[in-house]
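The next block holds one structure in the form of structure tokens; read it before the comments.
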Amino acid sequence: MDFTAVYKISTHEQLKAIADPLRTKMLMNLVRNEYTGQQLAEMLGITRNNIYFHLRELEKHGVIRVVRKEEKNGIVQKYYRAAASRFIPEEHLLPSLDLVETSRQVFLETLDTTRSQVEHAPAASFALDPTHESKRKNIASTYSFYATEESFHAFIEEFKQLMDKHFTMRNTEASEASRSEDEKSYRMSLIAFPDGDEGTDSQERQQDGG
């Protein structure tokens, strides 16, 4: 099975296999990189027996795979990787209450990953530069707004087009080959969801870094 951009969940069994907060955390880590069961157990703070049980379930349902094996001290270690960078259920499986907490966990994992990247970024990423007051080198903003579903989806499509227009996306051979020498590495997280708060009528920008 080749690593693809999107993997469509087609059965209820597959849906239940990933509808678990721990397995969601495992899957998101395996989207980012390949790991052994021991490495995942240490990262997530759980026992090896527990991690291997969940790995077997995820592998059985085709959402992860063994990408290579390595012998160390006479022990063969398997390295696992997610089958795709994104997993979505087919329409006949929706709506699904099984995926509510899984989806919430994806958002929380995204926040945790971003926090870790901020904590480990070099000091230069956040140092103020008085010679470039009109040019931003970073941004931290939170917005609260009203939108119809149609306008929200239209924004997402336009956002994707802007990304393709202005940036060279990472993690593909083609992107590395086409990257210019003056391009720097950036990280950006985008999280948006209907929060059920209809009691205010103002747009808020809680944080803004430059």
Side-chain angles (χ1 to χ4, degrees), residues 1 3-35 37 40-41 43-47 49-65 80-118 140-160 163 171 187-201 203-204 206-207:
M1 182 191 302
F3 188 84
T4 60
V6 177
Y7 183 96
K8 288 198 172 182
I9 301 297
S10 60
T11 69
H12 287 283
E13 289 74 18
Q14 285 180 308
L15 197 62
K16 288 186 177 297
I18 66 170
D20 176 273
L22 175 58
R23 289 180 188 172
T24 302
K25 294 180 73 126
M26 293 169 59
L27 196 55
M28 291 193 69
N29 277 288
L30 293 174
V31 164
R32 291 189 286 267
N33 206 345
E34 60 182 48
Y35 293 106
L40 282 172
M43 289 168 58
L44 301 177
I46 62 178
T47 66
N49 287 342
N50 196 4
I51 204 79
Y52 281 114
F53 167 77
H54 291 295
L55 284 171
R56 284 193 296 269
E57 287 297 304
L58 292 171
E59 185 181 9
K60 181 174 72 175
H61 291 286
V63 294
I64 68 170
R65 59 177 177 159
Y80 296 87
R81 188 79 195 267
S85 59
R86 184 177 173 218
F87 296 83
I88 59 174
E90 292 186 352
E91 289 186 8
H92 72 277
L93 297 174
L94 298 175
S96 171
L97 292 177
D98 288 328
L99 283 184
V100 170
E101 290 308 314
T102 298
S103 298
R104 191 192 305 273
Q105 189 64 44
V106 168
F107 279 69
L108 292 172
E109 284 294 305
T110 301
L111 289 171
D112 286 345
T113 299
T114 301
R115 181 184 180 88
S116 177
Q117 291 168 345
V118 170
S141 299
T142 300
Y143 297 93
S144 176
F145 54 87
Y146 294 118
T148 63
E149 288 191 14
E150 290 76 13
S151 62
F152 180 78
H153 290 304
F155 165 78
I156 295 299
E157 290 305 313
E158 291 179 21
F159 176 78
K160 291 177 181 178
M163 294 282 286
N171 302 325
R187 301 278 183 178
M188 180 163 62
S189 296
L190 180 67
I191 292 178
F193 55 93
D195 63 1
D197 184 7
E198 314 299 343
T200 60
D201 59 0
Q203 182 186 56
E204 299 171 358
Q206 298 169 344
Q207 259 191 321

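- Partners of Phe107 according to the ring-ring contact (aromatic ring centres under 6.0 Å, His included) rule, which considers only residues two or more places apart in sequence or in another chain, are Phe193.
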Applying salt bridge (Lys or Arg N to Asp or Glu O under 4.0 Å), run through Arg56 and Glu59 and close with a yes or a no. CA-CA 5 Å; Arg56 284 193 296 269; Glu59 185 181 9; over 6 Å; no
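- Taking the six-membered ring where the residue is Trp, Tyr7 and Phe87 present tilted rings, their angle falling between 30° and 60°.
- Ile18 contributes atom CD1, which lies 6.5 Å from atom OG1 of Thr24 (distance to the nearest 0.5 angstrom).
- The nearest pair of heavy atoms linking Ala83 to Gly62 is CB-O, 3.6 Å.
- Within the 4.5 Å cutoff, side-chain heavy atoms of Leu40 are placed close to those of Leu30.
- Rounding to the nearest 0.5 Å gives a distance of 9.0 Å between OG1 of Thr113 and CG of Leu111.
- Taking both residues in full, the closest heavy atoms of Ala17 and His61 are given as CB-CD2, 3.4 Å, listed atom of the first, atom of the second, then distance.
- The two residues Ile51 and Met26 have their closest heavy-atom pair at CD1-SD, 3.7 Å.
- For residues 11-28, the salt bridge (Lys or Arg N to Asp or Glu O under 4.0 Å) pairs, not counting sequence neighbours, are Lys16-Asp98, Lys25-Glu109.
- Within 6.0 Å of CZ in Arg32 there are more than 12 heavy atoms belonging to other residues, nucleotides or ligands.
- Here the closest non-hydrogen pair linking Ile9 and Leu93 is O-CD1, 3.3 Å.
- Once rounded to the nearest 0.5 Å, the distance linking CG of Leu55 with NZ of Lys60 reads 13.0 Å.
- Between the OG1 atom of Thr47 and the CZ atom of Phe53 there is a distance of 11.5 Å, given to the nearest 0.5 Å.
- With sequence neighbours excluded, the residues forming a side chain to side chain donor-acceptor pair (under 3.5 Å) with Arg115 are Glu119, listed by chain and number.
- With sequence neighbours excluded, no residue forms a ring-ring contact (aromatic ring centres under 6.0 Å, His included) with Tyr35.
- Qualifying side chain to side chain donor-acceptor pair (under 3.5 Å) partners for Thr110, counting only residues two or more places apart in sequence or in other chains: none.
- Between the CD atom in Gln14 and the CD atom in Glu57 there is a gap of 12.0 Å [rounded to 0.5 Å].
- Shown here for Val31 and Ala84, the closest heavy-atom pair between the two residues is CG2-O, 3.5 Å.
- Without hydrogens or angle criteria, His92 side chain to Thr11 main chain gives no donor-acceptor distance under 3.5 Å.
- Note that CD of Gln117 and CG of Asp112 are 11.0 Å apart. Values are rounded to the nearest 0.5 Å.
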Worked verdict on Ile191 versus Thr114 for side-chain contact (heavy atoms from CB on, under 4.5 Å): CA-CA 11 Å; Ile191 292 178; Thr114 301; over 6 Å; no
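- For the side chain to side chain donor-acceptor pair (under 3.5 Å) test, residues two or more places apart in sequence or in another chain that qualify with Thr148 are Ser151.
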